[in-house]
Trainee: 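Could you have a look at this structure, given as structure tokens, before my questions?
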Amino acid sequence: MLVDRKISDSITDRNIAAVFFARAKQLDHLNCVEYKEKKEPYRSMNWREFSKLVQQIALGLMTLGLKAGEKAAIFSSTTHFWVAADLATISNGAISVPVYPTSSANDIDFIINNSQAKVLFVQNENLLKRALAVRDSIPTVQKIVLFFLPADVKSVDELAVKYNLPNGLLADIESVRKLGASLDTAHLKILEDRMKSTPKDGIATIIYTSGTTGVPKGVPLTHGNIMAVIEDMKPVLSEDDRSVYLSYLPLSHIFERICGEFYWLTHGGVCAFAESIEMMGRNMIEVEPTTILVVPRVLDRIYAKVKSGIDGATGKKRKLIDWGLEVGTEVVECHGEGKKVGPLLWLKHKIADKLVLEKLRERIGPNLRIIVSGGAPATREVLTFFNAVGINTLEGYGLTETSAPTNVNRIGQVKIGTVGPAVDSVHQKLAEDGEILVKGPTIFKGYYNNPEATAEAFEGEWFKTGDIGTIDADGYLKITDRKKDLIINSAGKNIAPQRVEAVLKTVPFVTQAVVFGDKQKHLVALITLDEQAACDFARERNWEFDSYFDLSRSAALLGFLKKELQARSKDLADYEQVKRFAILANELSVEAGELTATLKIKRNVVGRNYKSLIDQMYSSHDAVAAEQESRELAGLAK
């Protein structure tokens, strides 16, 4: 029997899933979700259809034995089924536990055991294999639910036989949905009662921090935490039921989960799911989003593509583009300083927009109005460009422990180089050493089953973010570094490596940069380059090289990079400037343990993996020879 009962509006103040059901009831026939299957064109579901899917999966989970307060883990890349599983779990008064698809076996084991998850949602066979590799050490899991069956497998039973799984352990999402669809309204009443029984301070999700320094820590976020931050975002993101949002970042991360999933579900519009982060550019062309969330590396790629087109322009056309961007930049700076745009600048901007900026916006995305950047510091050059073009590009700041944004720039009031003022509900101050302290309804209460870490994280009622910053007269926050990352050189000078690394990443072709120099006279850096862009650049200048390996060791490229670095380091103090650097053959990776699942650099691991190379840069005047010798001695480079 197909259940058609609606969730009561009276419980929307305490359960985030109930907020979704109420919103779905209002939007009903309007488009809600767009997704792809097997390289086909985008399919869509309206709000009524998607809420029905969530409701049926929720009832199926109830029948399978998931109880209020229990946990269901989600081990998957971003997909509409991820969201449906999340909401279905929360609808039951249960707790969802994201697991990054890039997680190591140790992290999968730890997260599932620490949370004691009873149900494990898995995206596909590839991730199923990785989950089964630790099956013997995760005894709490009673049901594994697969989102997508392999193309060559007809049924979940066939897959269970293939992996010699106990009868009843493995199910697929469609069978769980059908189970829920067969129930009567009495079961829906139980589901509604579970939502009613969920207190506002009840846990909705436990998100495990990626752990740049050690074992992941579970961050429980309540329904109240999530609802408070969504309220804070209303004046920032002017979304409505006509907005189109492209989702491609990991839903396992707090940024995408809050500013993407939950904000969309509670405010309406269409969420189009990208096929993958690699396909994001093509999918942008297909769905023409009005809003995207980005991490700096994605924003850099979009910028590089547009910039290459600009750099190809010559003569009067190039001068016109440069003039238009200068005018746009001047307007952005006026807004950031709180100044009124004068009549002459207003007129120039109107002309520049018609002749230049409008065309650049069309190329980037004809409907794109808002870009929100988070997860890591973005470069001033890139942020200035997008805002100058006329796309509101808002850099923000937040942590898993703060339910994401504590600060974000506002439309029309962007201060480049800052993460904006605090959101309405968050109180913020700086400790004596500059550490950012926050309190408010969006802040978590403590780590899951970890009282020692909780005690260390709070100073009274204030949460210690671990980040160092400054707050200007207008209340705009500027992040200068991580407290634990500060480098103290041999002269006792405190150096913020993120500030230096941000400069390094403005050098052409540089994709990653890690600075070292603790207890040393000067700084050195390891960098990686965009191989294709570097090779194209070298060919245009007729440099001789047989391969990227040869190019990365050529005097021509090293001389060019050194000159660019010196030119871009003028605002740094002498002791903050990188004196030597080495180019790595491959990018730092999650697989090598050098990046967290959220792509943050593990400085201590990189330092350990490339210790010989770093030591050689301090003892040798030839960084290239240093890397080659390091390879021969220890085989540390990948």
Side-chain angles (χ1 to χ4, degrees), residues 199-233 235-236 253-255 257-259 262 374-377 395-410 415 418-486 494 496 498-499 598 600:
K200 199 168 184 177
D201 62 355
I203 299 172
T205 185
I206 302 174
I207 303 175
Y208 283 78
T209 59
S210 46
T212 56
T213 56
V215 176
K217 298 190 288 284
V219 178
L221 298 179
T222 67
H223 292 266
N225 289 146
I226 295 167
M227 290 179 188
V229 76
I230 287 170
E231 281 298 309
D232 283 338
M233 293 305 293
V236 178
H253 191 276
I254 188 66
F255 182 33
R257 188 88 175 284
I258 294 292
C259 298
F262 286 131
E395 186 169 26
Y397 165 75
L399 304 171
T400 305
E401 292 88 340
T402 65
S403 308
T406 62
N407 295 72
V408 65
N409 276 279
R410 309 297 201 264
K415 276 194 183 184
T418 78
V419 293
V423 295
D424 290 345
S425 75
V426 170
H427 298 276
Q428 194 167 65
K429 69 177 183 179
L430 301 179
E432 289 185 7
D433 61 0
E435 183 176 9
I436 303 158
L437 308 179
V438 292
K439 67 176 181 177
T442 67
I443 313 302
F444 85 132
K445 299 300 182 186
Y447 294 106
Y448 188 68
N449 289 339
N450 196 338
E452 297 84 4
T454 299
E456 187 180 335
F458 284 87
E459 188 174 287
E461 59 185 343
W462 294 89
F463 172 64
K464 300 188 290 185
T465 64
D467 287 309
I468 304 294
T470 59
I471 301 174
D472 72 12
D474 298 319
Y476 282 64
L477 176 67
K478 183 176 183 179
I479 309 296
T480 57
D481 208 46
R482 284 293 292 172
K483 188 173 180 178
K484 293 180 180 177
D485 272 356
L486 285 175
N494 285 358
Q498 286 188 359
R499 168 175 156 84
T598 56
K600 293 185 178 72

Trainee: Rounded to the nearest 0.5 Å, how far does CG of L399 lie from OG1 of T406?
Mentor: 7.0 Å
Trainee: Please identify which of these residues, N407, V419, T418, meets the side-chain contact (heavy atoms from CB on, under 4.5 Å) condition with Y476.
Mentor: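 The passing option is T418.
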Trainee: When rounded to the nearest 0.5 angstrom, what is the spacing between OG1 in T470 and CD1 in I479?
Mentor: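 Spacing of OG1 (T470) from CD1 (I479) equals 8.5 Å.
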Trainee: Mind checking what makes salt bridge (charged side-chain N to carboxylate O under 4.0 Å, His left out) contact with K439, not counting sequence neighbours?
Mentor: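 Salt bridge (charged side-chain N to carboxylate O under 4.0 Å, His left out) check on K439 returns E461.
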Trainee: Roughly how far apart are I258 CD1 and I226 CD1, rounded to 0.5 Å?
Mentor: 5.0 Å
Trainee: Test of understanding: with side-chain contact (heavy atoms from CB on, under 4.5 Å), list the residues that count as partners of E231, not counting sequence neighbours.
Mentor: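 Listed in chain order: K234.
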Trainee: Given K464 and F458, is the side chain to side chain contact (heavy atoms under 4.5 Å, CB included) satisfied, shown in steps?
Mentor: CA-CA 6 Å; K464 300 188 290 185; F458 284 87; over 6 Å; no
Trainee: Look up atom NE2 in H253 and atom SG in C259, then write down how far apart they are to the nearest 0.5 Å.
Mentor: 10.5 Å
Trainee: Between P377 and Q498, what is the shortest heavy-atom contact and its length?
Mentor: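 Closest approach of P377 to Q498: CG-OE1, 3.9 Å.
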Trainee: Can you confirm whether the side chains of S403 and N225 place a donor and an acceptor under 3.5 Å from each other?
Mentor: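 Note: S403 and N225 side chains miss the donor-acceptor criterion.
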Trainee: Counting C-beta onward and ignoring hydrogens, is there a side-chain heavy-atom pair between I436 and L477 closer than 4.5 Å?
Mentor: yes
Trainee: Residues in side-chain contact (heavy atoms from CB on, under 4.5 Å) with K445, at least two apart?
Mentor: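 Per chain and number, K445 pairs via side-chain contact (heavy atoms from CB on, under 4.5 Å) with no residue.
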Trainee: How long is the straight-line distance from CG of L437 back to OG1 of T465, given to the nearest 0.5 Å?
Mentor: 7.0 Å
Trainee: Is K217 close to Y208 at the side-chain level, that is, under 4.5 Å between some pair of heavy atoms?
Mentor: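 Counting from C-beta outward, Y208 and K217 never come under 4.5 Å.
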Trainee: Determine whether N409 and K415 make a side-chain contact, defined as any pair of heavy atoms from C-beta on separated by less than 4.5 Å.
Mentor: yes
Trainee: So which heavy atom on Q428 is nearest to which on I471, and how close?
Mentor: OE1-CD1, 4.3 Å
Trainee: For D467 and Y397, which I'm curious about, is there any donor-acceptor pair between the side chains at under 3.5 Å?
Mentor: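 Note: D467 and Y397 side chains meet the donor-acceptor criterion.
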Trainee: Apply side-chain contact (heavy atoms from CB on, under 4.5 Å) to P220 and list each qualifying residue two or more places apart in sequence or on a separate chain.
Mentor: I203, I206, F444, Y448
Trainee: Between E401 and Y447, is any side-chain donor less than 3.5 angstrom from a side-chain acceptor?
Mentor: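 Judged by distance alone, the side chains do pair up.
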Trainee: With a 4.5 Å heavy-atom cut-off, do T402 and V426 have their side chains touching?
Mentor: no
Trainee: Can you list everything that forms a side-chain contact (heavy atoms from CB on, under 4.5 Å) with T480? Sequence neighbours excluded, please.
Mentor: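 With neighbours one apart ignored, the set is I468.
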Trainee: Check the pair V229 / F262 against side chain to side chain contact (heavy atoms under 4.5 Å, CB included), numbers first and verdict last.
Mentor: CA-CA 10 Å; V229 76; F262 286 131; over 6 Å; no
Trainee: Could you check whether any side-chain heavy atom of R410 comes within less than 4.5 Å of a side-chain heavy atom of P235, counting everything from C-beta outward?
Mentor: no
Trainee: Which residues pass the salt bridge (charged side-chain N to carboxylate O under 4.0 Å, His left out) test with D424, sequence neighbours left out?
Mentor: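 Result, salt bridge (charged side-chain N to carboxylate O under 4.0 Å, His left out) vs D424: none returned.
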Trainee: Hey, does T442 have a side-chain heavy atom less than 4.5 Å from the side chain of D232?
Mentor: yes
